[in-house]
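Worksheet: one structure, shown below.
One-based numbering along the sequence shown. Note that this is a predicted model, so its numbers are computed, not measured.
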Amino acid sequence: MAVPYSYDLRTKVMGAIDDGMGKTEASRLFKISRNTIDLWLKKRKETGDYRAKEGYQKGYNPKIADAG
């Protein structure tokens with residue numbers, strides 16, 4: 001399963017973008033897709049932050065139902 005990018009990397013990328021670096025240049029420098037940068041910028045615009053989602057369940061429900 002894919003692991004989200006660290007908040008540290010996200011902060012570096014967003015700082016570079018805010019300092020005037022282009023999205024394409026940042027995507028090449030940090031070796032991430034330009035679409036990822038666009039998604040982070042969109043998330044920051046909507047929520048004010050660009051952290052990865054946390055606390056969501058991954059995989060199937062681990063509970064075993066009783067056959068009562």
Side-chain angles (χ1 to χ4, degrees):
M1 179 173 245
V3 178
Y5 289 106
S6 69
Y7 189 68
D8 182 50
L9 176 66
R10 291 170 184 244
T11 303
K12 288 179 184 177
V13 172
M14 298 305 273
I17 297 287
D18 291 340
D19 289 341
M21 182 182 287
K23 292 184 221 176
T24 303
E25 185 181 354
S27 70
R28 289 182 183 146
L29 179 67
F30 294 105
K31 296 182 174 59
I32 59 174
S33 73
R34 184 162 176 221
N35 184 54
T36 300
I37 295 173
D38 288 337
L39 291 173
W40 293 349
L41 287 168
K42 181 180 175 185
K43 187 169 186 175
R44 181 172 73 173
K45 184 179 178 183
E46 291 174 353
T47 65
D49 199 13
Y50 43 87
R51 289 188 187 271
K53 291 181 183 177
E54 293 180 358
Y56 59 91
Q57 182 178 348
K58 299 174 185 169
Y60 295 103
N61 191 351
K63 295 180 182 177
I64 298 174
D66 290 334

Problem - Summary of ring-ring contact (aromatic ring centres under 6.0 Å, His included) pairs that have at least one residue in residues 16-44, sequence neighbours excluded - result: Tyr5-Trp40

Exercise for the section: Could you grab the distance from atom CE of Met14 to atom OH of Tyr7, nearest 0.5 Å is fine? Expected result: 9.5 Å

Handout entry: Approximate separation, where rounding is to 0.5 Å, of Ile37 CD1 and Ile32 CD1
Key = 4.0 Å

Exercise for the section: With sequence neighbours excluded, give me every side-chain hydrogen bond (donor to acceptor under 3.5 Å, both in side chains) pair touching residues 16-31. Expected result: Asp18-Arg44, Lys23-Asp38

Problem - Same apolar cluster (I L V M F W Y, side chains within < 4.5 Å links), Leu9/Leu41 - result: yes

Problem - Atom pair CZ (Arg51) and OG (Ser6), whose distance is rounded to the nearest 0.5 Å - result: 11.0 Å

Practice task
Decide whether a cation-pi geometry holds between Arg10 and Tyr50; the criteria are a distance under 6.0 Å from NZ or CZ to the six-membered ring centre and an angle within 45° of the ring axis.
Solution key: no

